Amino acid sequence: MEYQFRDIEKKWQAKWKTDKAYQVRNDFSKPKFYVLDMFPYPSGAGLHVGHPLGYIASDIYSRYKRLKGFNVLHPMGFDSFGLPAEQYALDTGQHPAVTTKKNIETFKAQLDNIGFCFDWEREVQTSDPKYYKWTQWIFLQLFNSYFCNTEKKARPISDLIRKYETKGALPKTGEPVPGRHFTAEQWKNFSEKEQADILMKRRLAYCGYGEVNWCEALGTVLANDEVVNGVSERGGHPVVKKTLRQWYLRITAYADRLLEGLDKVDFSDAMKEMQTNWIGKSSGAEIDFEVKKPAPALPEEKKGASKLRVYTTRPDTIFGVDFMVVAPELEMVQELKSAEQAAAVDEYLDYVKSRSERERMAEKKISGVFTGAYAINPFDGREIPIWISEYVLAGYGTGAIMAVPCGDERDHKFARHFTIPITNIIGSHYNGEEANPTKEAILENSGFLNGLLMKDAMEVAIRAMEEKGIGTRKVNYKMRDAAFSRQRYWGEPFPIVWKKGIAYPLPEDQLPLILPDVEKYGPGPDGEGPLSNIKDWTDRSLETNTMPGYAGSSWYFLRYMDPHNEKAFCDRKVADYWNQVDLYIGGTEHAVGHLLYSRMWTKVLFDLGHIGYDEPYRKLVNQGMIQGSSRFVYRISGTKIFISKSFRDKFYEGGWDEYYQAKEEINSQLGYVAIEKDGAISYEALSKNYRPNTFNPEHIQEFSRTFKIDELHVDVNIVDGYTLSIDLFKKWKPEFEMAEFVLEEDRTKYICGAEVEKMSKSKYNTVNPDDLVMKYGADTFRMYEMFLGPVEMSKPWDTKGIEGVHRFLKKFWRLFADEIKGLIVTDDAATPEELKVLHRTIKKIEEDTERFSFNTAVSGFMIATNELNDLKCHKRAVLEPLLLLITPYAPHIAAELWALLGHNDSVLDAPYPKFEAKYVAETSKEYPISVNGKLRTTLNIALDAAQADVEQLVLNNEVVQKWLEGKTPKKIIFVKGKMVNVVM
RNA sequence: GCCCGGGUGGCGGAAUUGGUAGACGCAGCAGACUCAAAAUCUGCCGUUCGCAAGAAUGUAUCGGUUCGAUUCCGAUCCCGGGCACCA
């Protein structure tokens, strides 16, 4: 009876499917455990070996928890709205729904092949109307809510309306500002449009005009996290700033709670830091400076405000301010420029406009211009020149800064560049060459702050400013509200109707608002989405934008709990039962996108009372990326001659001797002169490899040149390690059919070059899990992916090692069954030694599985199998528990053997073996004995021996005596059951 | 530039967090079985010296704490990831 993994796996997968073995019930009586994988975007390329890594880890953990008696929810679905499907539709005219459906089928087949325990009855697809009905519904919750700043939570917008109707909106202190503040009476007199505009400024999902990241190539806006280095994350197209009507999520309102929430969840430090940096909280002060304009460029009546408000995190440096900088985009620049500086300022503004976001980021040139105006330092009356420069961002703080060159690197460079005198307020901490941003210096030249430590001066300065009424404490965030609309087709339509410029939510009973079919997927007029091409749609005045990719993924974890509910996104009782995701597995690439959005949505749903927790994921594990290990072949340019790697190395890195040697060897192997004396490719080499009808001898001049070597990616699947399979290579592509090969000098192998790169089709370094499952079985594949190393670590894929894991499973099988005799398991009683192996293994596997150390757990199975093999142990008492231990890792082989052992129940629900310490207990132990920390010998010592006896035993030992040379040791150290150290 | 990780054999990686470094696997070498191959099994496998027993040395580099350091501290050098005019 051999290990027929293919038959076994097929059989059990079919059985589990008909038995609905993976069906999960909302059984409130059982303890629950929720394991979730970040669901995939179903791309056309299918799975490669990198994708299942996280799924295998979560699958093992789910199955383990199930054996431990938990009701485990481990669902899977598809993030099926998104750009690539639409791009594909644009190119081919195929409806995204069609291609998406096809891709999902491929994905599911591939996943099932690996034997995951997903309950497909709970599958969700974000592009399914039954699903996006609730995405739209949650959007309406966001639209119909505002963030209450006193309670720090979302509340229904109706509460706000009631407040406006009864109390209006008046400032707590000071004078009301027209346009911002109003009485209840005024509110009632506002037109509907005026009221709607005011409310829009508070809604959690709101529509507004703003600068957005516009990507012309994709024809849509992108959220900040979708833009990397000034180009789009997907496709790398240029991105420009554009002012457009857009929908936004008021995620900034939740900045503090998103930050605080990080303390309650188990994410890696790196992940927490990425989110913290993205939110970018800083505290400081806003300070008003009086502005003095000597010769205004504008007529007196248009002069406007005469105050400049800046934001700073270092109010303690107020006496070190040597100039002010205002962002060029700010309108107040017009008011600030003086008559004689007006031309220079205008010229600079033109220059700034001409520069793209990309240029600005790529070359950080120091540039700027003096406005002609001065600010007055409120404490010493000093006149401070006001400049404009692009290094100050309009969108952060007040768009204006006070520059302290001795303490800030950028200010320092600016001051140096424009030779602005620098005031030193930190004494010897400033060396005149470089700014020093320290907070530890004692202040000098700082008026009433003199002699104070900077850290302490901060408070003193803020208080003084508040007393004078010229400054206030202020917290700022780098994070901006998230752009929430896309001018695309393949996304959720907004359940919004526009009438006379007012956005009305669609009534709930009209959801879902179904995405209509379109004839063409191209953009509509004025940069609007494809939906604007549909007459029926525009006739109904429906919003023509669609929601971005992250809409559906922001709440999907809730839908899995109650996927077929048509009355609610999820029943409250069910949501309470399954509660938070106990374990969430996915890549780090979603750190500042998906994870932040989904945390925000959860908080909103919590605030509005729809669910009972405000963090979606209790623990997050980031699986590493599996990189591709690419292989290269080396072709002499213009020929079909491929040279093995060592020749390329000799040509590239070797000296003249190597060069001539390599050349001779190449010519000798080919049997004709391919490389001439002068290093040119011979006529023969060229003509031999071109078909006569395509090669014109007249072109000989053109072709006769010093040779170059082309480096070509070769499909890793036709390379064994580094050795190229020449037969397969010739068949791989028609153009290689006639290829000639120069082998290594032993003339047996063609060796390829190698490099670690991202796995991708174009680099021919992808490995399809289907092929490996076919060749070695799903169980081997699962265990091998885990064996590769810690789940969190990124590592290059190496197919070679899979043999070792496969050998192990075959050996494991042979503990139970024999080729000739069949099942060889006996009912004999286990020896103490065998029980020791078993219980040591139980302990190890359980600990390793709990702490996610699946690679060492697999090693543990291998060690146990080797040991039992050595002991020739084929006893049921030992093998049965071992079988249960391995079930989460290799469910198919476990199920088969479990059945062979005569069990009728399912191995998936068998009780997990219990570790019993008594079997591994020892009476004596071989102790390492070291002298002065150096290992000298070992001694067998009874565990219950008194310390004095052990000391005597150690001192009497002849090896120890030899090292002591008759001297008495200073002390003898006993390391808790581990070793004994004699200190001289 | 700033902030996180991390540097261990030919390779992937272990080391219960201060206690025999290199588990387990791959690759390699030698051998057994076989007409042969596959499969399987056995032994060796950081470096140096040695026939061997053994000894010395060794976890990026240098220094420190300790009876004892891959682990803790300081400095330096590399590699990976994130952020990048956020005042």
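Predicted, not measured: the structure shown is a model, and the values here were computed from it. Here is the naming used below: chain letters follow the sequence lines, and residue numbers restart at 1 for every chain.
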Please figure out whether A/Pro790 or A/Lys365 has its closest RNA chain B nucleotide nearer the 5' end.
-> A/Pro790
Nearest-nucleotide pick for A/Asn855, side chain only, options being B/G82, B/G13, B/A27 = B/G13
Base, sugar-phosphate alone, or nothing: which one does A/Val392 contact when heavy atoms must sit under 4.0 Å apart?
-> base
Should A/Asp316 and A/Arg314 count as an ion pair when the cut-off is N to O under 4.0 Å?
-> yes
Before giving the answer on side-chain hydrogen bond (donor to acceptor under 3.5 Å, both in side chains), spell out for A/Tyr430 and A/His412 the whole-Å C-alpha distance, their side-chain angles and the decisive distance to 0.1 Å.
-> CA-CA 11 Å; A/Tyr430 175 58; A/His412 193 263; 2.7 Å; yes
Does anything in residues 786-797 of chain A pair up under salt bridge (Lys or Arg N to Asp or Glu O under 4.0 Å), and if so which pairs, sequence neighbours excluded?
-> none
Sorted by chain and residue number, the salt bridge (Lys or Arg N to Asp or Glu O under 4.0 Å) partners of A/Lys775 (sequence neighbours excluded) come out as none
May I have the distance from A/Ile401 (atom CD1) to B/A87 (atom C1'), rounded to whole angstrom?
-> 5 Å
Any A/Thr588 side-chain N or O less than 4.0 Å from OP1/OP2 of B/G82 = no
Any residue meeting salt bridge (Lys or Arg N to Asp or Glu O under 4.0 Å) with A/Glu329, in chain and number order, not counting sequence neighbours = A/Arg360
For nucleotides 36-43 of chain B, 5' to 3', base contacts (B), sugar-phosphate-only contacts (S) and non-contacts (-) with protein non-hydrogen atoms under 4.0 Å give ---SSS--
Give the nucleotide from the list B/C24, B/C26, B/A14 with an atom nearest to the side chain of A/Ser859.
-> B/C24
Using a strict cut-off of less than 4.0 Å between a Lys/Arg side-chain nitrogen and an Asp/Glu carboxylate oxygen, indicate whether A/Asp256 and A/Lys281 qualify as a salt bridge.
-> yes
Side-chain touch A/Met759/A/Trp797, heavy atoms, less than 4.5 angstrom | yes
Which value, in whole Å, describes the distance between the C1' atoms of nucleotides B/G19 and B/U70?
-> 13 Å
Length of the NZ-C1' vector between A/Lys272 and B/C83, whole Å = 19 Å
Would you kindly say whether A/Thr398 and A/Glu286 are connected by a side-chain donor-acceptor distance under 3.5 Å?
-> no
Quick one: salt bridge (Lys or Arg N to Asp or Glu O under 4.0 Å) partners of A/Lys478, sequence neighbours excluded?
-> none
Rounded distance in Å between the C1' positions of B/G58 and B/G5 | 25 Å
Looking only at side-chain N and O atoms, does A/Asn622 come under 4.0 Å of OP1 or OP2 in B/G81?
-> no
Taking only residues two or more places apart in sequence or in another chain, which ones pass side chain to side chain contact (heavy atoms under 4.5 Å, CB included) with A/Arg480?
-> A/Asn224, A/Tyr396
Could you list the donor-acceptor pairs under 3.5 angstrom formed by side chains in residues 862-870 of chain A, with sequence neighbours left out?
| unit_1 | atom_1 | unit_2 | atom_2 | d |
| --- | --- | --- | --- | --- |
| A/Thr865 | OG1 | A/Phe861 | O | 2.7 |
| A/Asn866 | OD1 | A/Lys811 | NZ | 2.7 |
| A/Asn866 | ND2 | A/Met862 | O | 3.4 |
| A/Glu867 | OE1 | A/Arg840 | NH2 | 3.0 |
| A/Glu867 | OE2 | A/Arg840 | NH2 | 3.2 |

Could you tell me if the ring centre of A/Trp813 sits under 6.0 Å from that of A/Phe5?
-> no
B/A84 P sits how many Å from A/Leu393 CG, rounded?
-> 11 Å
Using atom P of each nucleotide, how far apart are B/A38 and B/A27 to the nearest Å?
-> 13 Å
Roughly how far apart, to the nearest Å, are B/A56 and B/G7 at atom C1'?
-> 26 Å
Assigned chi class of B/U17 under the 90° convention is syn
Rounding to the closest angstrom, what is the interatomic distance between B/C11 and B/U48 at atom C1'?
-> 23 Å
Can you check the A/Ile845 CD1 to B/A14 P distance for me, whole Å?
-> 15 Å
Within the structure, does a side-chain N or O atom of A/Tyr396 lie under 4.0 Å from either OP1 or OP2 of B/A87?
-> yes
What's the CE-P distance between A/Met786 and B/G25, to the nearest Å?
-> 19 Å
Review item, nucleotides 18-21 of chain B N/O atoms under 3.5 Å of protein N/O:
| unit_1 | atom_1 | unit_2 | atom_2 | d |
| --- | --- | --- | --- | --- |
| B/G19 | N2 | A/Asn981 | ND2 | 3.2 |

Per the O4'-C1'-N9-C4 / O4'-C1'-N1-C2 angle with a 90° window around 0, B/G74 comes out anti
Which dot-bracket string describes RNA chain B (Watson-Crick N1-N3 plus N6-O4 or O6-N4, or G-U N1-O2 and O6-N3, all under 3.5 Å; [ ] crossing; | other strand)?
-> (((((((..(((......[....))).(((((.......))))).((((....))))..(((((..]....))))))))))))....
Go through the structure and list residues passing salt bridge (Lys or Arg N to Asp or Glu O under 4.0 Å) with A/Asp481, not counting sequence neighbours.
-> none
May I have the distance from A/Ile863 (atom CD1) to B/A15 (atom C1'), rounded to whole angstrom?
-> 12 Å
What integer number of Å spans the C1' atoms of B/G13 and B/G25?
-> 9 Å
Report the residues that fulfil side chain to side chain contact (heavy atoms under 4.5 Å, CB included) with A/Lys758, sequence neighbours left out, ordered by chain and then residue number.
-> A/Met625
Scan nucleotides 3-12 of chain B nucleotide by nucleotide, 5' to 3', and note B when protein non-hydrogen atoms come under 4.0 Å of the base, S if they reach only the sugar-phosphate, - if neither.
-> SS-------B
Looking across every strand, which nucleic acid part, if any, lies under 4.0 Å from A/Ser268 by heavy atom: base, sugar-phosphate, or nothing?
-> nothing
Lys/Arg N to Asp/Glu carboxylate O, A/Lys272 vs A/Asp263, below 4.0 Å = no
Here the distance between atom P of B/G82 and atom NZ of A/Lys478, to the nearest Å, is 16 Å
Pairwise C1' distance for B/A55 and B/U65, with rounding to whole Å = 29 Å
Rounding to a whole Å, what distance do you find between A/Lys934:NZ and B/A55:P?
-> 12 Å
Output yes when A/Arg309 and A/Asp288 qualify as a salt bridge under the 4.0 Å nitrogen-oxygen rule, no when they do not.
-> yes
Answer with base, sugar-phosphate or nothing: what part of the nucleic acid does A/Arg851 contact at a heavy-atom distance below 4.0 Å?
-> sugar-phosphate
Taking for each residue the nucleotide of RNA chain B bearing the nearest heavy atom, is the 5' side occupied by A/Trp278 or by A/Lys281?
-> A/Trp278
What nucleic acid atoms does A/Asp411 come within less than 4.0 Å of, heavy atoms only: base, sugar-phosphate, or nothing?
-> nothing
On a whole-Å scale, what distance lies between the C1' atoms belonging to B/G28 and B/G80?
-> 30 Å
Is the closest basic N to carboxylate O distance between A/Glu847 and A/Arg851 below 4.0 Å?
-> no
